[in-house]
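Before any comments, here is the structure.
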Amino acid sequence: MSSPSRRTVLATGSALGGALVTPGLAAGPAPAAPMEATAADRVDGTARPADPWRTVLDDADLVWRRMPTTWSEGPFLGNGFLGSGIYAEPGGAASTAVRFNVQHSEVQDHRPEFGSLFGLARLPIGHFTLEPVGAITGLDWRLSLHDAELTGTLTTDKGTLALRAVVHTARSVLAVDVIASEGERGFRWVFHPADAISPRAAFKPLPDGYEGNPPAQVADHDGISAAVQPLLAGGQHVTAWQERGSWRARTLYVHVAHSYPGTTALGRALKTVRAAARLPYPALTVDHRAWWHAFYRKSFLSLPDARIQRFYWIQLYKAASAARRDAPVMATSGPWLEPTPWPNTWWNLNAQLEYWLIHGSNHLELDAITRALSEYRDTLTQETPAPYRSDSLGIPRTTDPQLVNGASSALMGYGVGVPGQDPPTPEVGNLIWALHNVWLSYRHTMDESVLRDVLHPLLRGAVNYYLHFLEPCPDGRLHLPATFSPEYGGNSRDCNYDLMLVTWGCRTLLESADLLGVDDPVAPRWREVLAKRVPYPTDANGFMIGADLPFAKSHRHYSHLLAVYPLYEVTGRTPDERALIERSLAHWVGFEGALQGYTFTGAASMSALLGKGEDALRYLGELMSRFVKPNTMYQESGPVIETPLSAAQSLHDMVCQSWGGVIRVFPALPAAWADLVVHDFRTQGAFLLGARRQGGTTRWVRLVSEAGAPCAVRHGIAGPVDVRDGRGRPLRYSDAGDGAIRIALRKGESALITARGDRPDLTVVPVRPNQDAPRWGLPDA
């Protein structure tokens, strides 16, 4: 294996040269629009209401009073493609340089024999160092969520460097503007190309025959520097940069481009940098800020726990920095590649959890899973074992982020599992679980094209694979041969991971065929599975891993509990079913040792299903205190982005649930959250929910229907209620049972629910925190 030596490049070798009614947010539907700060008084001297988004976002800004030393402490910028993590240069250079990592979600190794083998696909690119004249003695940084911009001052024993930085949302350019004091006029930028070898090499032996890619070639191109990284599989990735300005005030512009199998990346990178560098930093950031301002306005949530409220808004910032519909599906570390044994996209939990928060927060523009599974369905065919490819689809445990090169994963046992095969093979049901995310996107938008063109045909293929293996037995039941439950170890007959997924899959196929008017010849087989499949294996402790394998050791994964969450197939409808969930949950989290962060997000969401807000909050507290890093990132052996993002979904599950055709408002709030406000929270059925809780009482609930779907809502308002339309006129409603009412709403219509005779103030403003809490980041000097 070749191992090219690391090199550095002086960056300074380049040339220098029905809207919302008021800022207080009246509760009503609104198009997203750019916003600016509105804290100043009006011209007539009366107070201007503070903009609620600006209020909560400014409060959630991360702050640094001391130098972050790792990726898990520092600021991070991104746009789903280009990502930059910022922290001190490791080792002895910590006091003399600041690292700006440059990584890109498209940059990967396309060699089919190695690209996805054990997750080797993603490749590191390199980093810039900002090198002051003097030794670093202090800093004062702030990551503005509102503007998606890092600003602040770096202090040295020679002077100061005032900086501001963005990864532009559309141009995909890292721009860093630096203004130096007199003593720091000689600061410089240096680029350090990384060896184009999988970061997994630092954790696992590389396979025989693996050869590192050759070193990057650095050259000047008419005043723009570029590091061209050739790839042995063909193609290239290119980092191009240019500095513009004076010796005192300079802006660095950086772009990364990737091309395969052609070598077009260099031309695109040079063109992008040249265009961006024509714009001074303030002009470059105008449309960048406008995009982010509009992004946040799509929903609103405020609660009295300041630490969790800040965490929540940071996760929205993180999601939009790491994901876009047209970007690759998030790898385990998002676009911020760091040393990790998992530099790929994982499908036995990680990818699913990464995208759950986009639905309730009303950010379907970030849904890469639906797009990728549809676009690369040929890969899903090739991933299926050969005898079944004519009618079946599957996805392996891991693929490259772009889903274009997953087939080689099967070479080393990471492909789609084969039921009954000995020795054990990997999971069978990962594609069905991934398609559950697609189903969520359909249900939250009611976009029939998603159901017709993506979900139904792909789910049909995924379920077909199971139909080859389900076997009738003397007990009259359909049984599965031995399969693998993610991470637990060992195969088991009637594995709950698979039984739960195939049950949900058959039920969803029948429902979707009915909605689409499809007379599918396989439908009788789906009905047979639902009628005759063996019951989920259980014992005195609750759900087992499978019929041959009790749950008997610490296990971070809730693979054996998917019917409870997120599938909502087992929900506690009867006392016995509720007791089964409680027993299973307590037994699962009762084994310390292997529990990790997403153990507690899953436990929080299951507790929320049961209406146990105190338990849900306790589990989130365990996550925050034991696992979440200062910048809200998360780490096991390496960076894994799904857990903090899934914690945002756990919060959603406490605030609103909409499974089973019923919208449940504030179903699992702890007593300390006596005040809470939500606006334009997206629910299943394509409703936008607004609601206000004051003093422990739900004051009003408002629903806007985007699709005219059936509307049943458990509003939580005690006693008789008034239901009025958008003009204040009474609306008819009926009792839907279990504390819910049913309202007939056509597309575009709205309903406001209040206690009878109550006319509460519908203006939505942030709630007051119960107590102060430290900011995220490193706020203490």
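If you read the sequence from its start, that first residue is 1, and numbering goes on from there.
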**Report entry** Residue pair Asp653, Ser605: steps toward the side-chain hydrogen bond (donor to acceptor under 3.5 Å, both in side chains) verdict
**Finding:** CA-CA 6 Å; Asp653 293 329; Ser605 289; 2.7 Å; yes
Report task. Identify the heavy atoms of Pro132 and Leu154 that sit nearest to each other, and give their distance. Result -> CG-CD2, 4.0 Å
Query raised in the report: For the residue pair Val218 and Pro193, what are the closest heavy atoms and their distance?
Result: CG2-CG, 4.5 Å
Pair [X] + [Y], salt bridge at N-O below 4.0 Å:
X      : Y      : answer
Asp59  : Arg310 : yes
Arg188 : Glu131 : yes
Asp61  : Arg142 : yes
Lys298 : Glu365 : yes
Arg65  : Asp780 : no
Arg289 : Glu149 : yes

Report task. Classify the ring geometry between His146 and His293 as parallel (under 30°), tilted (30 to 60°) or perpendicular (over 60°). Result -> parallel
Requested in this report: Could you label the plane-to-plane angle of the Phe600 and Tyr619 rings as parallel, tilted or perpendicular, counting under 30° as parallel and over 60° as perpendicular?
Outcome: tilted
Got a second to check how far [X]'s [atom1] is from [Y]'s [atom2], nearest 0.5 Å?
X      : Y      : atom1 : atom2 : value
Gln242 : Leu252 : CD    : CG    : 9.5 Å
Thr151 : Leu143 : OG1   : CG    : 8.5 Å
Tyr87  : Glu73  : OH    : CD    : 11.0 Å
Leu645 : Thr601 : CG    : OG1   : 10.0 Å
Leu651 : Gln315 : CG    : CD    : 10.5 Å
Ile314 : Leu145 : CD1   : CG    : 6.0 Å

Between the side chains of [X] and [Y], does any donor sit under 3.5 Å from an acceptor?
X      : Y      : value
Asn79  : Thr169 : no
Thr129 : His192 : yes
Tyr634 : Glu636 : yes
Ser333 : Thr340 : no
Gln108 : Asn344 : no
Tyr598 : Asn350 : no
Asp680 : Ser299 : no

Between [X] (side chain only) and [Y] (backbone N and O only), is there a donor and an acceptor less than 3.5 Å apart?
X      : Y      : result
Asn631 : Met633 : yes
Arg250 : Trp247 : yes
Ser646 : Leu353 : no
Thr285 : His288 : no
Arg248 : Ala180 : yes
Arg268 : His258 : yes

Query raised in the report: Do Arg66's NZ or CZ and the ring of Trp141 fall within the cation-pi criteria of under 6.0 Å and 45°?
Result: no
Requested in this report: Measure from NZ or CZ of Arg692 to the centre of the six-membered ring of Phe666, then state whether that distance is under 6.0 Å and the direction lies within 45° of the axis.
Outcome: no
What I'd like to find out is whether the side chain of [X] reaches to under 4.5 Å of the side chain of [Y], using heavy atoms alone.
X      : Y      : result
Arg274 : Ile224 : yes
Val173 : Val273 : no
Glu184 : Thr156 : yes
Phe295 : Leu366 : yes
Asp326 : Phe81  : yes
Val767 : Arg693 : no
Arg682 : Ser361 : no
Pro68  : Leu778 : yes

Please tell me whether [X] and [Y] form a close aromatic pair, meaning their ring centres lie under 6.0 Å apart.
X      : Y      : value
Tyr317 : Trp313 : no
His104 : His237 : no
Trp241 : Phe191 : yes

Query raised in the report: Phe76 pairs by ring-ring contact (aromatic ring centres under 6.0 Å, His included) with which of Phe100, Trp336, Trp71?
Result: Trp336
Query - Crowding at CZ, Arg185 (>12 non-hydrogen neighbours, <6.0 Å) - result: no
Report task. Start with the C-alpha gap between Gln771 and Asp305, add the side-chain angles, then the distance that decides, and say whether side-chain hydrogen bond (donor to acceptor under 3.5 Å, both in side chains) holds. Result -> CA-CA 7 Å; Gln771 57 186 8; Asp305 188 315; over 6 Å; no
Requested in this report: Given side-chain hydrogen bond (donor to acceptor under 3.5 Å, both in side chains), test Tyr312 with His652 step by step and report yes or no.
Outcome: CA-CA 10 Å; Tyr312 175 77; His652 285 177; 2.9 Å; yes
